[in-house]
Amino acid sequence: MESLKTTRMKKILFFGFIPVLLLAFGACTMNTTSNKNVDVSEERIDFLGITNKDKLSAASKRALQWTDQQLYNNDWYFEYKVYDLKGDFAFEEGVVRRDPSAIIKHDGKYYTWYSRSTGETVGFGGNPEVDKVFPWDRCDIWYATSEDGITWKEQGLAVPRGEAGAYDDRSVFTTEIMEHDGMYYLCYQTVKSPYNKRVKNQIGLAWSNSPDGPWTKSQEPILSPADNGVWKGDDLQDRHSVLKKGDFDSHKVHDPCIVPYKGKFYLYYKGEQMGEAITFGGRQIRHGVAIADNPKGPYLKSPYNPISNSGHEICVWPYNGGIASLITTDGPERNTVQWAPDGINFEIMGAVKGAPHAIGLNRTADNEKEPTEILRWGLTHQYKTYNYQYIRGFKTEVRRKHTASSDKGTKDKKKE
Ligand code: AAL
């Protein structure tokens with residue numbers, strides 16, 4: 001028997017398709033005074049508060065295309081709060097701890113991995129031999145454990161930078177953990193010295209049969225930027241001048257996250273393009289996916305890339321046979337939760353007011369319980385200053401009703 005959820009999702013896909021049809025059809029037949037192509041019940045018109053169904057504004061037409069689930073259930077909407085953690089995750093002057101991985105549980109303890117470095121950020125004008133150009137420069141990957149998710153104990157180094165000359169000799173950072181078949185995999189960003197504004201960023205992988213290591217590193221990157229962009233001139237500190245921009249990921253492949261999916265391994269990542277521009281949605285940041293038969297690769301970029309025209313750090317989880325994705329920070333679709341039945345073709349399911357940055361998801365959650373159940377609590381990072389970031393906690397709740405303080409006042413009075 002088909003589950004209620006599957007029926008609902010089918011409905012969403014069906015209704016999700018309507019806007020496409022409407023756009024194609026509507027382009028020739030619709031005008032602002034006609035809604036011939038929109039089949040609308042009185043209930044929907046009433047719910048949306050539309051004054052005159054024969055005089056639909058462009059906004060009303062778009063609203064009429066929302067699915068029942070988007071309109072009435074609000075299943076993909078949440079609000080969030082962030083809070084300080086204790087132990088070694090309390091803020092420490094002089095130390096950068098940022099971009100926490102997902103949380104996994106092993107032998108009754110939560111584990112997370114993160115970028116760690118010390119010292120202030122000087123920028124590109126400093127001494128290239130010793131200074132840090134970004135807070136995530138000259139990082140190594142460290143890890144910490146916790147009994148309760150609140151008090152964390154730093155356990156030490158997991159994956160160090162490579163030796164001089166290696167593809168990861170300058171920094172290894174922004175890592176994600178994947179547990180599969182008794183093995184642990186950390187994927188992460190890498191930079192090779194010298195760190196200039198045109199340097200390409202790649203993705204590395206390390207594996208172990210224990211979350212406590214030791215970790216074996218891949219000799220070569222598992223993913224690299226597209227090589228079809230062309231810089232203009234040879235100023236290594238000018239990342240904006242290009243003769244050709246190339247693919248969405250021609251400059252950097254970032255924020256990797258590997259998800260076992262449909263018997264394969266989907267490596268989701270953020271792409272940065274050479275000659276990055278500001279478009280109508282802000283920075284040109286998009287997401288892509290590369291797929292492999294084995295956790296260690298080879299990872300082949302999907303020909304459908306980019307799979308999102310918006311977003312920043314990757315935050316993806318399996319849900320109802322597909323993949324859900326929280327899109328934040330950049331692009332016209334930022335602050336939306338999206339879902340793809342095939343892990344590639346994402347549709348907007350809901351919009352949120354905002355979301356924590358650089359989320360470390362709680363992979364121990366029952367992510368099938370509700371679309372955003374995996375976001376009920378987890379890790380995030382915060383800039384205390386530009387030099388130093390620290391790891392904090394967040395929690396979310398689904399909001400289906402708006403309660404103002406005046407509502408609360410009325411309720412209390414009634415009680416008296
Ligand atoms: C983050 C991530 C990547 C970038 C930097 C550190 O938000 O997108 O990790 O390189 O900022």
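Note that ligands are numbered from 1 as they come in the structure, with each ligand's atoms numbered from 1 the same way. Please read all numbers here as calculations on a predicted model, not as lab measurements.
In this structure, the ring of Tyr261 has its center less than 6.0 angstrom from the ring center of Tyr266.
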>> One pair to check against side-chain hydrogen bond (donor to acceptor under 3.5 Å, both in side chains): Thr279 and Gln284. What are the steps and the verdict?
In response: CA-CA 7 Å; Thr279 65; Gln284 279 190 315; 5.6 Å; no
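Each of Glu154, His106, Lys105, Gln155 was checked for a side chain to side chain donor-acceptor pair (under 3.5 Å) with Thr145, and the lone residue meeting it is Gln155.
Shown here are the side-chain hydrogen bond (donor to acceptor under 3.5 Å, both in side chains) partners of Trp317, two or more places apart in sequence or in another chain: there are none.
With Arg198 contributing its side chain and Asp238 its backbone, the two residues share a donor-acceptor pair below 3.5 Å.
Near ligand 1, heavy-atom contacts under 4.0 Å come from Arg98, Asp99, Trp136, Phe173, Thr174, Gln189, His254, Asp255, Lys270, His312, Glu313.
Arg44 and Asp68 are joined by a salt bridge, as a carboxylate oxygen and a charged side-chain nitrogen come within less than 4.0 angstrom of each other.
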